[in-house]
Peer 1: 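Sending over a structure as structure tokens; questions will come in a sec.
In listed order, ligands and their atoms are each counted from 1. In what follows, residues are counted from 1 in the order of the sequence shown.
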Amino acid sequence: MELLERARELSIYTAYNINVDAIVYLKGEHITKLVNEFGENAIRKRMDEYPREVSEPLDFVARLILALKTGKPMAVPLVNEELHTWFDSHFKYDVERMGGQAGIISNLLASLDFRRVIVYSPTMAEKQARMFVDRPNLHYPVVEGSRLVFKHPYDAYRENDPIKINRIFEFRKGTRFKLGNELIEVPFSGRFILSSRFESIKIETRDELRPFLPEIGEMVDGAILSGYQGIKLRYSDGKDANHYLKRAKEDIMLLKRNKNVRVHLEFASIQNRELRKKVIYNLFPLVDSVGMDESEIAHVLNALGYPELADRIFTYNRIEDTVLGGKILIDEMNLEVLQIHTIYYIMYITHKDNPLSEEELRSSLEVATTLAAARAKLGGIRRPEDFREGLTVPYNERGEFVKLRFEEAKRRTREYKVVIIPTRLVKNPVSTVGLGDTISAGAFTSYLAMLREKGCFV
Ligand code: AMP
């Protein structure tokens with residue numbers, strides 16, 4: 001609690017992705033209806049074809065049934081904007097709430113009473129703006145005349161801005177349905193995310209705001225940037241991913257005119273290998289801190305040319321392989337700190353000369369897992385005291401094993417600081433959406449608070 005209180009002194013900027021998460025709690029009847037509508041044969045044929053994106057309803061039905069059969073969480077892009085009406089006529093959404101990393105992180109930090117949270121997204125539709133918490137410390141930058149002013153997002157929405165809706169189908173272990181004569185029972189609880197990828201939603205800072213980024217950089221202690229998975233390789237106006245990555249690089253450099261500002265990039269899974277590689281090579285070298293989960297580090301290592309190590313991480317989930325991968329990444333990209341979260345443990349890897357001691361790094365990870373546990377248990381964090389709920393959640397039962405494997409891995413790490421803690425794991429979480437973002441926001445801000453106290457900021 002005490003370290004979190006110190007972190008709350010900070011001001012944070014966060015961009016770029018916000019969206020509406022429309023959640024459906026899937027029942028057997030939903031799936032039976034879809035099977036009746038499309039027919040077993042057509043569905044099976046499409047399942048064999050394994051569509052990588054959803055451009056018609058049958059693609060969706062096929063990928064959904066594949067996810068249900070394996071019980072594995074999956075995310076597939078929806079690329080046909082016209083399908084909105086099909087979904088809206090077939091499903092009633094049980095919950096609609098803030099989604100997108102910047103949206104989730106800004107609401108979290110504002111609710112925790114951080115000094116100031118500036119959230120930016122190039123689009124701000126009314127429905128979206130209503131999903132921000134009503135807190136006086138939460139600001140959206142707007143250019144009026146030629147001046148920079150700050151408003152609550154709700155006072156800054158724009159009538160005709162597009163809205164991005166991600167549909168999340170949460171499924172429960174044990175749900176049953178029939179596909180022809182085959183009776184399918186869902187083996188694990190999880191979620192199937194259909195994320196909208198439309199041209200109208202860009203990952204960029206609008207031209208009118210860009211000249212003010214250095215000023216915003218002066219106002220904050222740190223920036224948390226995310227959403228690069230939403231960049232498209234090609235746009236119909238002839239622009240491409242390189243165009244948006246160049247702008248993204250410039251944005252980071254503009255914020256960093258303030259030498260003290262630290263920038264964290266939250267990396268999310270990028271299905272397209274070419275884009276993944278571009279994001280890594282263009283942006284990682286410019287930021288100080290990167291956060292990701294275990295499957296993402298495997299993907300990153302694959303893109304950097306370490307396919308065997310990546311395969312090992314995918315197949316065996318061994319801590320020592322993840323540590324090795326992490327060291328490669330901080331060296332090749334010259335990161336100050338890398339944070340990796342998995343279901344059973346969270347890890348920091350830094351160079352030996354990091355100003356924080358291993359004990360301090362550990363305390364930062366403790367803040368992160370406690371916050372995530374509080375969110376999993378309560379379904380959301382509404383006020384600073386909610387953090388205490390996280391302290392009542394026990395560490396997962398593999399904790400001792402994690403510590404043991406870590407001690408073995410550590411013997412080979414003289415030039416680095418590697419710190420690993422087991423996670424506090426909620427048995428029946430209210431929701432698992434946004435937990436990774438919560439971990440990264442808690443870790444980065446508490447890390448920053450300690451750096452500042454050490455006088456690492458001039
Ligand atoms: P991501 O895959 O980026 O959304 O991150 C999910 C992270 O949330 C995992 O790595 C865990 O550390 C954490 N997490 C997942 N499930 C739970 C749970 N039931 N209770 C607490 N933390 C969780």
Side-chain angles (χ1 to χ4, degrees), residues 17 19 21 23 67 71-75 97-105 108 166 168 170-173 188-193 195 224-229 264-271 276 289-300 313-314 317 319 322 326 338-348 362 364-381 386-399 401-402 406 419-444 446:
N17 55 337
N19 62 262
D21 278 346
I23 300 171
K72 285 207 171 136
M74 288 186 188
R97 63 159 184 236
M98 177 66 86
Q101 291 148 311
I104 289 171
I105 290 169
L108 170 75
N166 283 350
I168 302 183
E170 297 233 25
F171 50 82
R172 291 257 150 229
K173 179 180 167 172
F188 302 103
S189 298
R191 54 188 200 255
F192 179 81
I193 302 181
S195 51
I224 303 179
L225 303 179
S226 55
Y228 303 107
Q229 66 276 18
H264 172 89
L265 186 155
E266 186 59 18
F267 190 75
S269 81
I270 300 179
Q271 302 262 336
R276 190 191 311 148
S289 165
V290 170
M292 62 180 71
D293 73 20
E294 193 175 33
S295 65
E296 284 146 11
I297 177 107
H299 280 126
V300 168
I313 294 177
F314 267 130
N317 296 319
I319 294 180
T322 310
L338 171 68
Q339 177 260 114
I340 300 171
H341 45 270
T342 76
I343 190 85
Y344 297 115
Y345 64 88
I346 316 180
M347 174 191 303
Y348 267 142
R362 191 168 299 120
S364 164
L365 295 180
E366 289 291 347
V367 168
T369 190
T370 308
L371 267 183
R375 182 178 167 112
K377 191 171 176 193
L378 300 170
I381 290 177
D386 287 349
F387 180 80
R388 292 216 178 86
E389 277 301 320
L391 293 169
T392 67
V393 176
Y395 294 98
N396 71 75
E397 75 279 7
R398 297 206 197 174
F401 176 70
V402 166
F406 167 56
V419 173
I420 302 184
I421 63 151
T423 51
R424 293 178 185 271
L425 211 55
V426 176
K427 284 254 155 58
N428 292 307
V430 175
S431 161
T432 56
V433 180
L435 292 181
D437 306 333
T438 303
I439 289 176
S440 292
F444 177 63
S446 53

Peer 1: Is Glu389 salt-bridged to Lys377, going by a charged N under 4.0 Å from an acidic O?
Peer 2: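 Here Glu389 pairs with Lys377 in a salt bridge, since their nearest N and O are under 4.0 Å apart.
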Peer 1: Name the orientation class of the two ring planes belonging to His264 and Phe444 (parallel below 30°, tilted from 30 to 60°, perpendicular beyond 60°).
Peer 2: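 Ring orientation of His264 relative to Phe444: tilted.
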Peer 1: Using only heavy-atom distances, determine whether the side chains of Ser269 and Glu296 contain a donor-acceptor pair under 3.5 Å.
Peer 2: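 Glu296 and Ser269 do not have a side-chain donor-acceptor pair below 3.5 Å.
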Peer 1: Residues in side-chain contact (heavy atoms from CB on, under 4.5 Å) with Ala443, at least two apart?
Peer 2: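 Here the qualifying residues are Gln339, Tyr348, Ser364, Ala368.
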Peer 1: For ligand 1, list the protein residues that place a heavy atom within a distance below 4.0 Å of one of its atoms, sorted by chain and number.
Peer 2: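 Residues Asp293, His341, Thr342, Ile343, Ala376, Thr423, Arg424, Leu425, Val426, Pro429, Leu435, Gly436, Ile439 each place a heavy atom under 4.0 Å from ligand 1, listed by chain and number.
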Peer 1: Heavy atoms only: give me the nearest Ile104-Asp437 pair and the separation to one decimal.
Peer 2: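 Distance-wise, the nearest heavy atoms are CD1-OD2, 3.7 Å.
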Peer 1: Please name the pair of heavy atoms, one in Ala372 and one in Leu435, separated by the smallest distance, quoted to 0.1 Å.
Peer 2: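 Closest approach of Ala372 to Leu435: O-CD2, 3.4 Å.
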